[in-house]
Amino acid sequence: MKIIPISNNTNTNNELPEFDRELIASLPSSGPRYTSYPTADRFHEGFKEAEYIQALSLRNMGALNKPLSLYIHIPFCNTICYYCGCNKIITKDKSRADAYIQYLEKEMELLAPHLGGRHQLAQLHFGGGTPTFLSDDQLERVFDMICKYFQLIPNGEYSIEIDPRKVSRETVLKLGKLGFNRMSVGIQDFDPKVQEAVNRIQSYEETKEVIDAAREAGFKSVSVDLIYGLPHQNTESIKTTIDTVLSLNPDRLALYHYAHLPHIFKPQRRIDTNVVPGSEEKLDMLQYCVQTLTERGYVFIGMDHFAKPDDELSIALKEGFLQRNFQGYSTYADCDLVAIGVSSIGKIGSTYSQNERDIDAYYAALDAGHLPIMRGYQLNQDDILRRNIIQDLMCRFSLDYQIYESVFGIPFSRYFAAELEDMKQLETLGLVRLKPHSLTVTPKGRFLIRNIAMVFDYHLRHKETKAKYSQTV
């Protein structure tokens, strides 16, 4: 079952967000990002290859013409960034990518009989690691594989994550010719002291060259990623970084909070916690960034994302068709997601699946002729109901109970009696407005949308997890 845009109340989508730092500081500080519901920490090893194949079979019986999304994980990086929590392999040996591409091709060959034909590809995303670790020839080889099994469509979203330190203008032009039309550029911070502390030295000039080349190549959207809370950052330094970033005129901007979890991500042990900004300083930085971006005309999409008013994300937010998936906010109606490569996560119908996270285990499964599914999850009806609710909260900031009652056949107020009781407390704090048959997130509640969505998370309310979530703001 797909996610349905349930609510049609978009009035608050056009209101400016309200940054209430005292309220932000008073609420629980960590929680899921809800790129899926249930979240990935709920996946289990009882879901394997057989369950994944069954989900693909059910999909083929019911929705052969439905467009697909495709995610490809490229795990390699030339150097290590100390803050990074991605699944990655640090190497300078390009031949390792040749071997990896062979296994991507093996995985696609094993998948092909279960996909039911050569489908239209509505979305494509290369993530990592560093996708541009691949040479131009290697990228072309992967794209040839994609075109063998899928059809690219004129208005599709085809995106790639870029590390400007390792990409030439010529490579960006090549990416445009291959079919990529959206780009996410990692920056994090332009301050040299911060860059040295996280082992990511990146100049303004090489970043500008990549973004200029993307526009020359006809990319429809250029997004940049920043992180606040890194060592040596402060309010004054972040002002310089924001001014520099805005001079590059990005279409979209993501402002992530640095999550220091050295017990999970070993490279973070190299970060000197004595020079990491404190909570008050981080809120100062965030408040300045939000104020500056909104003053400069960017629309607050949700959580930590901003976009120009004429960007597709802003339009989707305004019109009530914004979506959220494993790659973040999206403009496309909900698609099934095929994910290939080590550790990648996909979604088919009412299931999630994740490939082996260890590259040797990934290779071994494929050598044995098996799809490398490590774990997954089969949603029940309650999960599907709550997935829709959380999607509406994250993307449309409102719920219409009566539509849910019609679609799912439930008495909303009785079914969610405990949740709505908790919502009364959030209403007292000014995060939501409650009416007999609806809920609307206020402008100040939009910054704390994860806290609001967590109220409807059955698994978070009733089941323990060992997962360590990032901070909600």
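Keep in mind that this is a model prediction, so the values were computed, not measured.
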Inset, instruction - Take Tyr377 and Thr39 through the side-chain contact (heavy atoms from CB on, under 4.5 Å) test and state the conclusion after the steps. - result: CA-CA 10 Å; Tyr377 189 91; Thr39 49; over 6 Å; no
Inset, instruction - Classify the ring geometry between Phe412 and Tyr401 as parallel (under 30°), tilted (30 to 60°) or perpendicular (over 60°). - result: parallel
Inset, instruction - Answer yes or no: is there an ion pair linking Lys424 with Glu421, defined by an N-O contact shorter than 4.0 Å? - result: yes
Legend entry - Distance in Å, Tyr82 OH paired with Ile271 CD1, rounded so as to fall on 0.5 Å steps: 9.0 Å
Inset, instruction - Count the heavy atoms of every other residue, nucleotide or ligand shown that sit under 6.0 Å from CD of Gln54, and state whether that count exceeds 12. - result: no
Legend entry - Cation-pi check, Lys239 onto Tyr288 ring (under 6.0 Å, within 45° of axis): yes
Legend entry - Rounded distance [0.5 Å steps], CG in Leu371 versus CG in Asn355: 8.0 Å
Inset, instruction - For the residue pair Tyr458 and Asn380, confirm or rule out a side-chain donor-acceptor distance under 3.5 Å. - result: no
Inset, instruction - For side chain to side chain donor-acceptor pair (under 3.5 Å), just list the numbers for Glu405 and His437, CA-CA rounded to whole Å, side-chain angles, deciding distance to a tenth of an Å, and then say yes or no. - result: CA-CA 10 Å; Glu405 291 177 340; His437 301 291; 5.5 Å; no
Inset, instruction - Identify, with sequence neighbours excluded, every residue that meets side chain to side chain donor-acceptor pair (under 3.5 Å) alongside Gln195. - result: none
Legend entry - salt bridge (Lys or Arg N to Asp or Glu O under 4.0 Å) between Arg387 and Asp383, worked out: CA-CA 6 Å; Arg387 180 169 75 173; Asp383 291 326; over 6 Å; no
Legend entry - CA sep, side-chain torsions, deciding dist, call: Ile389, Tyr404, side-chain contact (heavy atoms from CB on, under 4.5 Å): CA-CA 9 Å; Ile389 287 172; Tyr404 274 95; 3.4 Å; yes
Inset, instruction - Determine, step by step, whether Ser353 and Phe47 satisfy the side-chain contact (heavy atoms from CB on, under 4.5 Å) criterion, reporting the C-alpha distance in whole Å, the side-chain angles of both residues, the deciding distance to 0.1 Å, and the verdict. - result: CA-CA 8 Å; Ser353 59; Phe47 188 106; 3.8 Å; yes
Inset, instruction - Apply the test side chain to side chain donor-acceptor pair (under 3.5 Å) to residues Asp189 and Thr241: give CA-CA distance (whole Å), side-chain angles for both, the deciding distance (0.1 Å), then the verdict. - result: CA-CA 6 Å; Asp189 194 296; Thr241 288; 3.1 Å; yes
Legend entry - Audit row: Phe326, Tyr352, ring pair (Phe, Tyr, Trp, His ring centres under 6.0 Å) steps and yes/no: CA-CA 11 Å; Phe326 288 110; Tyr352 298 121; 5.7 Å; yes
Legend entry - Gap between atom CD1 of Ile153 and atom CD of Gln123 - 0.5 Å precision: 9.0 Å
Inset, instruction - Quickly, which of Thr130, Ile90, Val342 forms a side-chain contact (heavy atoms from CB on, under 4.5 Å) with Pro75? Name it, please. - result: Val342
Legend entry - Cys81 SG to Gln188 CD distance, which is reported to the nearest 0.5 Å: 7.0 Å
Legend entry - Flag, side chain of Asp225 to backbone of Leu255, donor-acceptor distance under 3.5 Å: no
Legend entry - Lys282 side chain to Glu280 backbone, donor-acceptor under 3.5 Å: no
Inset, instruction - Would you confirm whether His73, through its side chain, and Asn87, through its main-chain N or O, come within 3.5 Å as a donor-acceptor pair? - result: yes
Legend entry - Side-chain donor or acceptor of Thr351 paired with backbone N/O of Ala55 under 3.5 Å: no
Legend entry - Step-by-step side-chain contact (heavy atoms from CB on, under 4.5 Å) determination, Tyr71 to Leu337: CA-CA 7 Å; Tyr71 173 73; Leu337 172 64; 4.0 Å; yes
Inset, instruction - Return yes if some donor-acceptor pair links the side-chain N/O of Ser314 with the main-chain N/O of Lys308 below 3.5 Å, else return no. - result: yes
Legend entry - Donor-acceptor under 3.5 Å (Glu281 side chain, Gln233 main chain): no
Legend entry - Atom pair SG (Cys289) and CD1 (Ile242), whose distance is rounded to the nearest 0.5 Å: 4.0 Å
Inset, instruction - Please confirm whether His305 and Tyr329 have ring centers closer than 6.0 angstrom. - result: yes
Legend entry - Minimal non-hydrogen separation, Gln323 against Cys395, with atom names: C-SG, 3.5 Å
Inset, instruction - Considering non-hydrogen atoms only, spot the tightest contact between Ile373 and Glu49 and give its length. - result: CB-N, 3.9 Å
Legend entry - Presence of salt bridge, Arg375 and Glu356, under 4.0 angstrom: no
Inset, instruction - Indicate, with yes or no, if the rings of Tyr258 and Tyr83 have centres closer together than 6.0 Å. - result: no
Legend entry - Salt-bridge present (Arg42, Asp457; N to O < 4.0 Å): no
Inset, instruction - Report the residue from Lys318, Arg182, Lys220 that forms a salt bridge (charged side-chain N to carboxylate O under 4.0 Å, His left out) with Glu312. - result: Arg182
Legend entry - Within-4.5 Å side-chain heavy-atom neighbours: Leu124 and Glu157: no
Legend entry - CA sep, side-chain torsions, deciding dist, call: Glu295, Gln291, side chain to side chain donor-acceptor pair (under 3.5 Å): CA-CA 6 Å; Glu295 286 175 353; Gln291 180 179 344; 3.2 Å; yes
Legend entry - Residues Phe126, Phe180; criterion ring pair (Phe, Tyr, Trp, His ring centres under 6.0 Å); working and verdict: CA-CA 10 Å; Phe126 276 43; Phe180 288 106; 5.0 Å; yes
Legend entry - Where Ser398 and Asp392 come nearest, the two heavy atoms and their spacing: O-CB, 3.7 Å
Inset, instruction - Please confirm whether the backbone N or O of Tyr158 pairs with a side-chain atom of Asn181, one donor and one acceptor, at under 3.5 Å? - result: yes
Inset, instruction - Check whether the side chains of His125 and Glu161 place a donor and an acceptor atom closer than 3.5 Å, and report yes or no. - result: yes
Inset, instruction - Would you give the length of the straight line joining atom CD1 of Ile390 to atom OH of Tyr37, rounded to the nearest 0.5 angstrom? - result: 5.5 Å
Legend entry - Minimal non-hydrogen separation, Asp163 against Thr132, with atom names: N-OG1, 3.9 Å
Inset, instruction - State, to 0.1 Å, how close Lys347 and Cys335 come at their nearest heavy-atom pair, and which atoms those are. - result: NZ-O, 3.5 Å
Legend entry - Side-chain (Arg446) to main-chain (Phe300) donor-acceptor, under 3.5 angstrom: yes
Legend entry - Distance-only side-chain donor-acceptor flag, Gln378 / Ser350, under 3.5 Å: yes
Inset, instruction - Please check if the side chain of Glu427 supplies one atom and the backbone of Leu434 the other of a donor-acceptor pair under 3.5 Å. - result: yes
Inset, instruction - Would you confirm whether Arg324, through its side chain, and Arg33, through its main-chain N or O, come within 3.5 Å as a donor-acceptor pair? - result: yes
Legend entry - Polar side chain donor-acceptor pair, Gln354 to Ser343, under 3.5 angstrom: no
